[in-house]
Amino acid sequence: MEEALEDEGFRILHDGARTAPAREELREYYAGERREFGLPLSFVGSEWQKAVWMELTRIPYGETRSYGEIADRLDRPGAARAVGRANATNRLPVVVPCHRVIAADGSLGGFNGGLHLKERLLEHERRVLGSGS
């Protein structure tokens, strides 16, 4: 992929120092050592998307909210599907925890990384909370 982009005239830069804090916080999350991210976030999207994504960052580690609950918190009752569409465009999954949003009936709903990954992330958080880490 990278070679194809370079053939088209694009230059790919790798900046390990710039991404180091994000990589470290993600490592800590997966190790069960971090429950909140401290990375500065700069959302690019519509005002609605930004509002949804910001609300996602308020869902506590190990907890879930329904799409409808998120819509209600944003004073848009009935906008559960719009919340789902905003979740689908989230470019920072895990950091902006769209995996913590489920359907009203308790089923997982959707997830861009696949439902198996959403289930694993939720199970990881439950396991960390259960171990008292």
Side-chain angles (χ1 to χ4, degrees):
M1 173 87 162
E2 191 170 315
E3 289 174 2
L5 288 171
E6 288 176 353
D7 288 345
E8 293 292 321
F10 293 96
R11 188 166 163 219
I12 308 299
L13 299 176
H14 299 278
D15 188 346
R18 186 174 177 199
T19 61
R23 285 181 293 146
E24 179 61 16
E25 287 197 15
L26 285 166
R27 185 204 62 75
E28 292 169 352
Y29 170 85
Y30 288 113
E33 301 165 358
R34 175 175 290 280
R35 296 181 185 182
E36 294 180 10
F37 291 90
L39 300 168
L41 299 175
S42 178
F43 297 128
V44 177
S46 70
E47 292 306 311
W48 170 251
Q49 289 169 318
K50 291 177 194 178
V52 170
W53 299 332
M54 185 56 67
E55 189 62 33
L56 299 182
T57 67
R58 296 183 183 105
I59 303 172
Y61 184 94
E63 294 185 22
T64 59
R65 301 289 183 269
S66 73
Y67 296 95
E69 286 175 309
I70 299 297
D72 290 345
R73 289 173 189 262
L74 296 172
D75 294 323
R76 295 270 308 269
R81 287 181 186 223
V83 170
R85 283 191 298 277
N87 277 8
T89 60
N90 174 16
R91 293 182 174 177
L92 298 170
V94 179
V95 175
V96 178
C98 53
H99 63 279
R100 295 180 188 153
V101 184
I102 60 172
D105 66 3
S107 64
L108 292 181
F111 191 67
N112 272 346
L115 291 181
H116 66 287
L117 182 54
K118 183 174 187 170
E119 190 170 30
R120 285 180 63 193
L121 289 166
L122 292 171
E123 178 55 34
H124 166 74
E125 293 182 5
R126 284 190 291 266
R127 189 174 50 254
V128 169
L129 288 173
S131 71
S133 294

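In this chain, residues are counted from 1 in sequence order.
- One finds no salt bridge joining Glu55 and Arg65 here, because no Lys/Arg side-chain nitrogen approaches an Asp/Glu carboxylate oxygen to under 4.0 Å.
- Taken from CZ in Arg85 to CD in Gln49, the straight-line distance is 10.5 Å, to the nearest 0.5 Å.
- Interatomic distance, CG of Leu117 versus CG of Leu108, reported as 11.0 Å (0.5 Å rounding).
- Between Tyr29 and His124 there is a side-chain heavy-atom pair separated by less than 4.5 Å.
- Note on Arg27 versus Glu33: salt bridge recorded, some NZ/NE/NH1/NH2 to OD/OE distance being below 4.0 Å.
- For the pair Lys50 and Glu47, the salt-bridge criterion is met [side-chain N within less than 4.0 Å of a carboxylate O].
- Within the 4.5 Å cutoff, the side chain of Val96 has heavy atoms near those of the Phe43 side chain.
- Once rounded to the nearest 0.5 Å, the distance linking OG1 of Thr89 with CH2 of Trp48 reads 11.5 Å.
- Within a 6.0 Å sphere centred on CZ of Arg91, other residues, nucleotides and ligands contribute 12 heavy atoms or fewer.
- For Arg18, the CZ atom is loosely surrounded, since the number of other residues' heavy atoms within 6.0 Å does not exceed 12.
- For the pair Phe111 and Cys98, the tightest heavy-atom approach, listed with the atom from each and the gap, is CE1-SG, 3.7 Å.
- Between Leu26 and Val95 the shortest side-chain heavy-atom distance falls below 4.5 Å.
- No more than 12 heavy atoms of other residues, nucleotides or ligands lie within 6.0 Å of CD in Glu36, so this atom counts as exposed by the packing criterion.
- For the pair His99 (side chain) and Gly113 (backbone), a donor-acceptor distance under 3.5 Å is absent.
- Atom OH in Tyr61 sits 6.0 Å away from atom CG in Leu129 (nearest 0.5 Å).
- Counting heavy atoms from C-beta outward, Val94 and Phe37 have side chains that approach closer than 4.5 Å.
- Each of Arg120, Arg100, Arg35 was evaluated against Glu125; a single residue qualifies, Arg100, per the salt bridge (charged side-chain N to carboxylate O under 4.0 Å, His left out) test.
- A distance of 7.5 Å separates CZ of Arg73 from CD1 of Ile59, quoted to the nearest 0.5 Å.
- When every heavy atom of Ala71 is checked against every heavy atom of Ala80, the shortest pair comes out as CB-N, 3.9 Å.
- The two residues Asp105 and Ser107 have their closest heavy-atom pair at OD1-OG, 2.6 Å.
- Interatomic distance, Thr57 OG1 to Leu92 CG, rounded to the nearest 0.5 Å: 11.0 Å.
- Here the side chains of Val52 and Asn90 are not in contact, with every heavy-atom distance at 4.5 Å or above.
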